[in-house]
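Following: one structure in structure tokens, then a few remarks.
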Amino acid sequence: MTASASTMQNAGPPAKLESEAPARSSRRGLDRKRLFLWSLPILFFIGAAIIGPYIFPYDSLIVRTGDRLEPPGAVLRDGSRAWLGTDKVGRDILAQILEGARISLIVGGATIVLAGSIGLTFGVIAGYRGGFLDSLLMRLADIQLAFPSILLAIMIAAVLGPSVTNVILTLSLTRWVIFARVSRAATLAAKEREYVLAARATGVPPPLMLIRHIIPATIPPLLVIATVEVGLVIIAEASLSFLGLGVPAGQPSWGQMVAIGRDNLNTAWWMATMPGAALSLVVLAIGLFGDQVRDELDPRARKR
Amino acid sequence: MTAYVVRRVLYALFVLWGALTIIFIAIRIVPGDPAALMLGPTATTEDVEKLRDNLGLSDSMPRQYVAFLGDVARLDFGDSLWLNRPVTKSVSERITATAKLAGAAMLLALVISFPLGILAALRPRSLLDRAVSVLSLIGQSVPSFWLGIMLILVFARQLRWLPSSGSATWQHMILPSITLAMPLIGILTRLVRSGLMDVLYEDYIRTARAKGLANRVVLQRHATRNMLIPVVTVIGLQLGNLLGGAVITETVFAWPGIGRLLVDAIFQRDYPLVQASILFITASFIFINLLVDISYVYIDPRIKLK
């Protein structure tokens with residue numbers, strides 16, 4: 001079935017034949033306005049992570065015993081308002097969440113870039129060269145995927161010890177396989193395309209071939225995977241930090257804040273609730289945006 | 001058929017060997033001497049030496065590797081220093097507890113996600129469909145450690161309906177199973193929905209409808225079975241992930257499963273225990289995926305031909 005034919009056929013459910021989709025699916029190109037709209041919550045998160053700590057500064061050394069365990073919205077002794085409450089030593093939860101947003105942003109972004117570039121490099125080379133190198137890579141990927149990913153992360157993080165860099169390394173090591181598989185598949189598909197055959201016939205050298213013709217073809221599927229993965233990576237970082245294997249103590253991260261809040265569940269419900277809610281909302285926003293990206297780049301999915 | 005199964009079994013064994021090798025190497029590149037770490041700073045040099053000999057750490061690498069593979073074959077991983085008993089015993093007890101939890105979560109996820117996914121697929125773009133899509137995305141977005149704590153906050157602390165931790169009664173299973181099932185419900189609902197929608201446009205479904213089969217029969221006999229392949233694949237992958245991923249949920253609810261045992265073992269630097277727990281989880285994961293591969297033959301007879 002050709003792509004265009006399936007799009008037409010799939011325009012509506014066969015149960016009721018009035019088709020609803022053709023007007024949408026016949027549209028060409030990216031709907032940038034819609035994508036931008038759906039990216040607003042994510043941009044807000046990035047903005048809050050970058051600018052937030054300047055507006056609500058956080059100092060891990062400050063102890064204000066008079067303001068300890070104040071509920072959300074309470075007015076503190078110095079007249080300021082703790083919008084999301086305070087912790088056991090009177091530190092503002094909102095300020096901690098904004099600090100934690102930085103960690104999530106840094107780990108999420110850096111891991112996707114690192115895992116993505118490793119995966120892209122290996123995937124494209126394996127897919128383009130084929131042969132022994134290719135089967136070696138795929139067997140390695142299969143073996144790695146035999147470990148549940150959180151388990152692998154726990155194992156590597158325990159070996160490396162807690163630090164932001166190590167979390168990024170750990171999660172990149174557990175995630176590169178996904179990117180490698182996707183870029184390999186995209187490379188295999190691109191290799192057979194006529195423009196690539198034509199380029200090869202005219203004697204384009206392999207490195208140039210990869211950069212000019214193969215890699216661009218792998219970018220759309222990689223982008224779709226990246227939007228899915230960034231949410232998973234942010235959750236994985238928080239989970240590691242929750243277990244005490246991620247970001248070191250003293251540096252507020254969302255997972256660690258939830259872990260501390262869990263010990264104060266009876267006295268201060270907000271301590272665990274607020275950072276977890278922030279985490280869930282960010283991951284949800286990324287998921288919603290990811291759905292839109294997939295719809296835009298994969299017209300077959302648009303009907304859904 | 002037999003050739004296919006044999007090939008899958010051999011490949012599973014190969015992957016298992018690779019995983020074993022990775023575990024072997026990972027444990028040995030940990031910075032510092034495991035024996036010294038296990039005994040702590042108060043240990044004497046003789047004690048450390050003795051433990052090194054007991055663990056076989058003084059042998060050469062190839063010899064250690066052969067001994068390791070032998071231990072695995074005999075399912076003998078020595079004694080846990082922390083628990084002071086054979087590692088294999090602890091691990092098999094704990095893996096039963098985890099399997100119970102994972103089974104309950106999987107059942108819950110199947111019972112909820114199939115009807116939801118099918119209903120949504122039958123009425124695309126309806127209000128119900130959109131609601132199901134958003135709900136399944138929420139299920140996938142909420143991190144399990146936080147969801148578990150929120151459930152404890154509401155149902156254990158505020159309403160006092162259910163116990164918050166432990167494993168004494170069946171009530172103890174409710175909150176952890178829901179926590180574990182939530183992301184799964186999200187994934188499976190989406191998969192059932194999109195799988196069914198793909199199938200519904202196939203020619204044979206139109207033929208089935210055209211010859212006048214009732215909608216229910218078309219769905220049951222023709223559509224559902226054909227969307228099962230991707231769904232079963234993901235169920236297998238997720239079942240494996242439940243075993244390993246239960247780490248977080250088990251920690252939150254103090255459930256005595258293998259995941260919590262592993263995390264405790266890591267913090268106690270109990271290497272025999274770490275090694276055996278990872279090995280059991282990984283082996284079950286590989287075994288489940290092998291079963292999935294074999295089940296394809298029954299779901300989709302076309303695979304036999306390849």
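Nothing here was measured: the structure is a model prediction, and the numbers come from that model. Lettering follows sequence order; numbering is per chain, from 1. When reading the values below, keep in mind they use all heavy atoms of this one structure, side chains included, and skip hydrogens, waters and symmetry mates.
- Other residues, nucleotides and ligands place no more than 12 heavy atoms under 6.0 Å from the CG atom of B:L127.
- Rounded to the nearest 0.5 Å, atoms CG (A:L284) and CD1 (B:I138) are 5.5 Å apart.
- Here B:I278 contributes atom CD1 and A:L151 contributes atom CG; the two are 5.5 Å apart, rounded to the nearest 0.5 Å.
- The CE atom of B:M150 sits 11.5 Å away from atom CZ of A:R262, with the distance rounded to the nearest 0.5 Å.
- When heavy atoms are compared at a cutoff of 4.5 Å, B:Q158 does not approach chain A at all.
- Options B:N289, B:V274, B:T251 differ in how many heavy-atom pairs under 4.5 Å they form with chain A, and the most are formed by B:T251.
- Below 4.5 Å, heavy atoms of chain B meet heavy atoms from A:I235, A:A238, A:S239, A:F242, all part of residues 234-242 of chain A.
- Applying the 6.0 Å contact sphere to CZ of A:F122 captures no more than 12 heavy atoms from other residues, nucleotides or ligands.
- If you measure heavy-atom distances from A:A285 to chain B, you find no contacts under 4.5 Å at all.
- Heavy-atom distances place the side chain of B:L262, and not its backbone, under 4.5 Å from chain A.
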* Chi angles and distances behind the side chain to side chain contact (heavy atoms under 4.5 Å, CB included) call for A:V258, B:F145 -> CA-CA 8 Å; A:V258 173; B:F145 63 90; 3.7 Å; yes
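- Note on B:I286, B:L137, B:V142: by heavy-atom pairs under 4.5 Å with chain A, the leading option is B:L137.
- Within 6.0 Å of CZ on A:F44 lie no more than 12 heavy atoms contributed by other residues, nucleotides or ligands.
- In plain terms, the two heavy atoms of B:F285 and A:L145 that are nearest each other are CE2-O, 3.2 Å.
- Heavy atoms of other residues, nucleotides or ligands lying less than 6.0 angstrom from CE of A:M271 number more than 12.
- Within 6.0 Å of CZ in B:F14 there are more than 12 heavy atoms belonging to other residues, nucleotides or ligands.
- Of the two parts of B:R190, only the side chain, counted from C-beta on, holds a non-hydrogen atom closer than 4.5 Å to a non-hydrogen atom of chain A.
- Only the side chain of B:I266 comes within contact range of chain A, with at least one heavy atom under 4.5 Å from a heavy atom of that chain.
- No other option in A:G244, A:A277, A:G290, A:A259 has as many heavy-atom pairs under 4.5 Å with chain B as A:A277.
- With a 4.5 Å cut-off on non-hydrogen atoms, B:I149 touches chain A through its backbone and its side chain both.
- For the residue pair B:T282 and A:A146, the shortest heavy atom distance occurs at CG2-O, 3.4 Å.
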Donor-acceptor pairs under 3.5 angstrom involving side-chain atoms of residues 15-26 of chain B: please list them, not counting sequence neighbours.
from	atom 1	to	atom 2	distance (Å)
B:W17	NE1	B:Y65	OH	3.0
B:T21	OG1	B:W17	O	2.8
B:T21	OG1	B:Y65	OH	2.8

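- Distance check: A:L288 CG to B:S133 OG gives 10.0 Å after rounding to the nearest 0.5 Å.
- Within the structure, every pair that satisfies the side chain to side chain donor-acceptor pair (under 3.5 Å) test and touches residues 263-287 of chain A, not counting sequence neighbours, is listed here: A:N266-B:R157.
- Sorted by first then second residue, the side chain to side chain donor-acceptor pair (under 3.5 Å) pairs that include residues 141-156 of chain A, not counting sequence neighbours, are A:D142-A:R181, A:D142-B:Y11, A:Q144-A:W176.
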